[in-house]
Amino acid sequence: MTDKEIKELLEKKFTFFQHKECEFFPCHNTSKPEKFNCLFCYCPLYALGSECGGNFKYTENGFKDCSGCMFPHVHENYPKILDKYDQIVRIASEHREPQAEPKETESQE
């Protein structure tokens, strides 16, 4: 994306959302709660592991601890998150279960 395209994208209302009445708002420590973007409340990049681009650490049990990460909550990172969707789709397709055959249903006349 060009700088102009990014600027135009970030001007769109759907790229920023706040839920100030949420009991967890803001869910990360920040000195700028007015700029806290709740759009990606659950980070879509979590599944990317060490390639997510955020500031995380692994716990002793091997889980990602993202409590120190603001990456998905910064409005300007919206285009960067979109750029990683190809990786997310690839991971999801690698872990996809085979589709079951459609069940026959009785018609309701």
Side-chain angles (χ1 to χ4, degrees):
M1 275 190 205
T2 66
D3 288 345
K4 181 183 177 193
E5 290 171 324
I6 290 171
K7 184 177 186 270
E8 289 173 357
L9 178 63
L10 292 175
E11 289 173 353
K12 304 290 184 188
K13 301 293 183 204
F14 65 81
T15 64
F16 184 85
F17 168 75
Q18 277 193 332
H19 184 18
K20 292 181 181 178
E21 294 179 20
C22 174
E23 53 272 17
F24 300 106
F25 181 84
C27 60
H28 296 270
N29 290 329
T30 177
S31 60
K32 298 178 183 177
E34 70 281 358
K35 293 187 170 222
F36 192 88
N37 192 356
C38 300
L39 186 64
F40 298 112
C41 179
Y42 290 95
C43 184
L45 306 177
Y46 185 89
L48 298 180
S50 60
E51 296 179 35
C52 70
N55 180 27
F56 68 93
K57 52 189 168 187
Y58 284 105
T59 66
E60 290 179 14
N61 297 335
F63 293 101
K64 278 177 72 175
D65 174 2
C66 303
S67 60
C69 181
M70 289 288 292
F71 189 83
H73 303 294
V74 175
H75 184 218
E76 290 76 20
N77 288 340
Y78 182 88
K80 295 174 187 172
I81 292 171
L82 291 185
D83 285 343
K84 292 188 176 267
Y85 263 81
D86 285 345
Q87 289 175 271
I88 295 167
V89 169
R90 180 181 45 80
I91 288 172
S93 66
E94 289 170 359
H95 294 89
R96 182 177 56 197
E97 293 182 22
Q99 280 191 306
E101 291 294 319
K103 294 180 183 178
E104 288 188 36
T105 58
E106 292 183 36
S107 62
Q108 307 237 346
E109 294 181 41

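Residue numbers count from 1 along this sequence.
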Asks: Inspect the surroundings of CZ in F63 and state if more than 12 heavy atoms from other residues, nucleotides or ligands are less than 6.0 Å away.
Replies: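 No - once you tally the heavy atoms of other residues, nucleotides and ligands closer than 6.0 Å, there are 12 at most.
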
Asks: For the residue pair F71 and G53, what are the closest heavy atoms and their distance?
Replies: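 Where F71 meets G53 most closely, the heavy atoms are CD1-O, 3.8 Å.
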
Asks: Show the nearest heavy-atom pair for residues L45 and I88, with the distance to one decimal.
Replies: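 In terms of heavy atoms, the two residues are closest at CD2-CD1, 3.9 Å.
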
Asks: Quick check on the hydrophobic clustering: are V89 and I91 connected, directly or via other members, by side-chain heavy-atom contacts under 4.5 Å?
Replies: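 No, it is not one cluster - the side chains of V89 and I91 are not joined through contacts under 4.5 Å.
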
Asks: For residues F36 and T30, report the shortest heavy-atom separation together with the two atoms involved.
Replies: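 Closest heavy-atom pair between F36 and T30: CD1-CG2, 4.1 Å.
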
Asks: Considering only heavy atoms from C-beta outward, does the side chain of F40 approach that of Y78 to under 4.5 Å?
Replies: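 Sidechains of Y78 and F40: in contact.
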
Asks: What pairs of residues pass the salt bridge (charged side-chain N to carboxylate O under 4.0 Å, His left out) test when at least one of them lies in residues 20-42, not counting sequence neighbours?
Replies: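 Listed once each, the pairs would be none.
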
Asks: Backbone N or O of E76 within a donor-acceptor pair of the N37 side chain at under 3.5 Å?
Replies: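 Between the backbone of E76 and the side chain of N37 there is no qualifying donor-acceptor contact (under 3.5 Å).
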
Asks: Identify the heavy atoms of P72 and C69 that sit nearest to each other, and give their distance.
Replies: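 Of all heavy-atom pairs spanning P72 and C69, the closest is CD-SG, 4.0 Å.
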
Asks: State plainly whether one hydrophobic cluster holds both L48 and L39, where clusters connect Ile, Leu, Val, Met, Phe, Trp and Tyr through side-chain heavy atoms under 4.5 angstrom apart.
Replies: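 Looking at the clustering, L39 is in the same group as L48.
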
Asks: Between F16 and F14, is there shared hydrophobic-cluster membership here, with clusters defined by ILVMFWY side-chain heavy atoms closer than 4.5 Å?
Replies: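 In one cluster: no.
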
Asks: According to the side-chain hydrogen bond (donor to acceptor under 3.5 Å, both in side chains) rule, which pairs have a member within residues 41-53, sequence neighbours left out?
Replies: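 Those involving residues 41-53 are E51-Q87.
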
Asks: Only counting residues at least two apart or in another chain, list the ones meeting salt bridge (Lys or Arg N to Asp or Glu O under 4.0 Å) with E94.
Replies: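 Counting only residues at least two positions away or on another chain, E94 forms a salt bridge (Lys or Arg N to Asp or Glu O under 4.0 Å) with R90.
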
Asks: Please report the closest heavy-atom contact between I81 and P44, naming both atoms and the distance.
Replies: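 For I81 versus P44, the nearest heavy atoms are CG2-CG, 3.9 Å.
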
Asks: Looking only at heavy atoms, what is the nearest atom pair of H75 and P79, with distance?
Replies: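 It is O-CD, 4.4 Å.
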
Asks: Go through the structure and list residues passing salt bridge (Lys or Arg N to Asp or Glu O under 4.0 Å) with K84, not counting sequence neighbours.
Replies: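 Partners of K84 by the salt bridge (Lys or Arg N to Asp or Glu O under 4.0 Å) criterion come out as none, since no residue qualifies.
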
Asks: Given 3.5 Å as the limit, does a donor-acceptor pair link the side chain of Q18 with the main chain of P33, or not?
Replies: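 Checked: pair present.
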
Asks: Assigning hydrophobic clusters by single linkage (Ile, Leu, Val, Met, Phe, Trp, Tyr; side-chain heavy-atom cutoff under 4.5 Å), is Y85 placed with L10?
Replies: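 Yes: a chain of side-chain contacts under 4.5 Å links Y85 to L10.
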
Asks: Rounded to the nearest 0.5 Å, how far apart are CD1 of I6 and NZ of K80?
Replies: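 Going from CD1 on I6 over to NZ on K80, the span is 8.5 Å.
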
Asks: What residue pairs, at least two apart or across chains, pass side-chain hydrogen bond (donor to acceptor under 3.5 Å, both in side chains) with a residue in residues 59-69?
Replies: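 For residues 59-69: D65-S67.
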
Asks: Could you grab the distance from atom CG of D83 to atom CE of M1, nearest 0.5 Å is fine?
Replies: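 Answer rounded to 0.5 Å: 6.0 Å.
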
Asks: Which residues pass the salt bridge (Lys or Arg N to Asp or Glu O under 4.0 Å) test with E11, sequence neighbours left out?
Replies: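 E11 satisfies salt bridge (Lys or Arg N to Asp or Glu O under 4.0 Å) with K7 only.
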
Asks: Is any side-chain heavy atom of L82 less than 4.5 Å from a side-chain heavy atom of L9?
Replies: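 They are in side-chain contact.
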
